[in-house]
2 protein chains.
Amino acid sequence: METRRIDPVNCSVARALSVVGERWSLLIVREALDGARRFGEFHSRLGIARNLLATRLETLVTAGVMRRVPYQEPGDRQRFAYELTEQGRALRPTLVALLEWGDTYLADPQGPSVIVRHRPVDDAGSCDEPVKVVLECAAGHSHLAPEDVCRTPGPGARFLEIS
Amino acid sequence: METRRIDPVNCSVARALSVVGERWSLLIVREALDGARRFGEFHSRLGIARNLLATRLETLVTAGVMRRVPYQEPGDRQRFAYELTEQGRALRPTLVALLEWGDTYLADPQGPSVIVRHRPVDDAGSCDEPVKVVLECAAGHSHLAPEDVCRTPGPGARFLEIS
DNA sequence: CCTCTGGGTTTACAAGCTGAACTCAGCCCT
DNA sequence: AGGGCTGAGTTCAGCTTGTAAACCCAGAGG
């Protein structure tokens, strides 16, 4: 019997992980989503080694996840800060999904330490309810269970022939 | 001015990444979701070094993400397979979120290689439409943008005092 | 001129990853 | 019984990545 399978190497999950799958990368993005902007903020919040932080920030900047912007505090010289691009902010659902998984299966006995809430930045119409990540199909079926979905080849699929 | 901040180390994202944040771990889970069960399947699909695969599978088993089950093919001796637990299957939304992000920002020029579709395992009532991950709050507001949510302290939060 | 601070860079060492070779148990064939 | 094959690992040498601590540099302030 001959069958074929989607090439697992030519896959957006693998490509995504090649950018944000290195140690610390997602935690840096998380802190940035939470408002960290300066080298020292990332360093002291995460406890990451300084040289590694420098190379991670550089990697994230060249990947387009973050942007290096000059800023100047009054009575101080010009420095650089790091902020998320649109592409970086788009990692929020990934981080919420990871948070939810960690809360469900590895929680602190006290309960979750962080709850993500529906509170827009401008705070108008803030409803403050906890946020969850749900799977939803284009036909509008929502809250799909992990078993209700499967992977199918897309237009860019490469195949492996298996005997 | 004195303020306080959620301790970034006592966080479910960090705990989740300590289990599935190592190189290859999420790709192993992805292949398992796609049906891989045996050592050799993971090895040949991913091209991961055999010793590393062995330690990763062991880590995932002790973390409760996978389970080592004996099986026996007719006319062969007993061997062991690895299958996802409930906890492991719960990583599907995380992987879909990563896939979506990779598709959006790092796509192959041909388009995505994999599309996740709404197709239950039993195939009854299969609608086959593409699946997306969306943020939704408990009040029913759906399709929240990354800017519409924020992190707030939960019951297990530890705080850092900042001067 | 000296010191302080934020933002890095250098360096030495430890830990983690890779590929190839080796092992081991049981089935199959002769 | 002996030899080969296969799947599932284990061992090992060499390279790459991560860590911690020391060092450096450019302004601001005294």
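So that the names make sense, note that chain A is the first sequence line, chain B the second, and so on, each numbered from 1.
Proximity of Arg68(B) to the phosphate of dG9(D): a side-chain N or O atom is located under 4.0 Å from OP1 or OP2. For the pair Arg56(A) and dG18(D), the criterion of a side-chain N or O lying under 4.0 Å from OP1 or OP2 is met. Put simply, Arg79(B) has no side-chain N or O that comes within less than 4.0 Å of OP1 or OP2 on dC24(C). The phosphate of dT17(D) (OP1 or OP2) has no side-chain N or O of Trp24(A) nearer than 4.0 angstrom. Contact annotation: Tyr71(A) reaches the phosphate of dG7(C) (side-chain N/O to OP1 or OP2, under 4.0 Å).
Rounded to whole Å, atom P of dC17(C) lies 9 Å from atom CD1 of Ile48(B). Counting to the nearest Å, the C1' atom of dG18(D) and the CD atom of Glu22(B) are 13 Å from each other. Across the protein-nucleic acid pair, Tyr82(B) atom OH and dA8(D) atom P stand 9 Å apart, rounded to whole Å. We find that NE2 of His43(B) is positioned 12 Å from P of dG9(D), with the value rounded to whole Å. Gln78(A) places its CD atom 14 Å from the C1' atom of dG6(C), with the value rounded to the nearest Å. Atom CG in Leu27(A) sits roughly 11 Å away from atom P in dT19(D) (whole-Å rounding). Rounded to an integer number of Å, the gap from CD of Glu73(A) to C1' of dG29(D) is 16 Å. For the pair Gln72(A) CD and dG6(C) C1', the interatomic distance rounds to 14 Å; values are reported in whole Å.
In this model, no donor atom of one side chain and acceptor atom of the other lie less than 3.5 Å apart for His141(A) and Glu129(B). Remark: the Tyr71(B) side chain and the Arg38(B) side chain contain an N/O donor-acceptor pair separated by less than 3.5 Å. For the residue pair Thr152(B) and Arg117(A), a side-chain donor N or O sits within less than 3.5 Å of a side-chain acceptor on the partner. For the residue pair His143(A)/Glu136(B), the side-chain donor-acceptor check at 3.5 Å is satisfied.
DNA chain C is contacted by both Gly47(B) and Ala54(A); Ala54(A) maps to the nucleotide lying nearer its 5′ end (nearest heavy atom per residue).
Taking only distance into account, the side chain of Arg50(A) meets the base of dG8(C) through a donor-acceptor pair shorter than 3.5 Å. Residue Asp76(B) places no side-chain atom within donor-acceptor reach of the base of dT6(D), judged by atom type and a 3.5 Å distance cut-off alone. With hydrogens and angles left out, the side chain of Asn51(A) and the base of dG8(C) share no donor-acceptor pair within 3.5 Å. On a pure distance criterion of 3.5 Å, no polar donor-acceptor pair joins the side chain of Arg77(A) and the base of dA28(D).
The listed nucleotides are dG7(C), dG9(D), dT17(D); the one nearest the side chain of Arg23(B) is dT17(D). Among the nucleotides dT19(D), dT6(D), dG6(C), the one closest to the side chain of Ala49(A) is dT19(D).
Checked by atom type and distance alone, the side chain of Glu58(B) never pairs as donor or acceptor with a backbone atom of Ala54(B) at under 3.5 Å.
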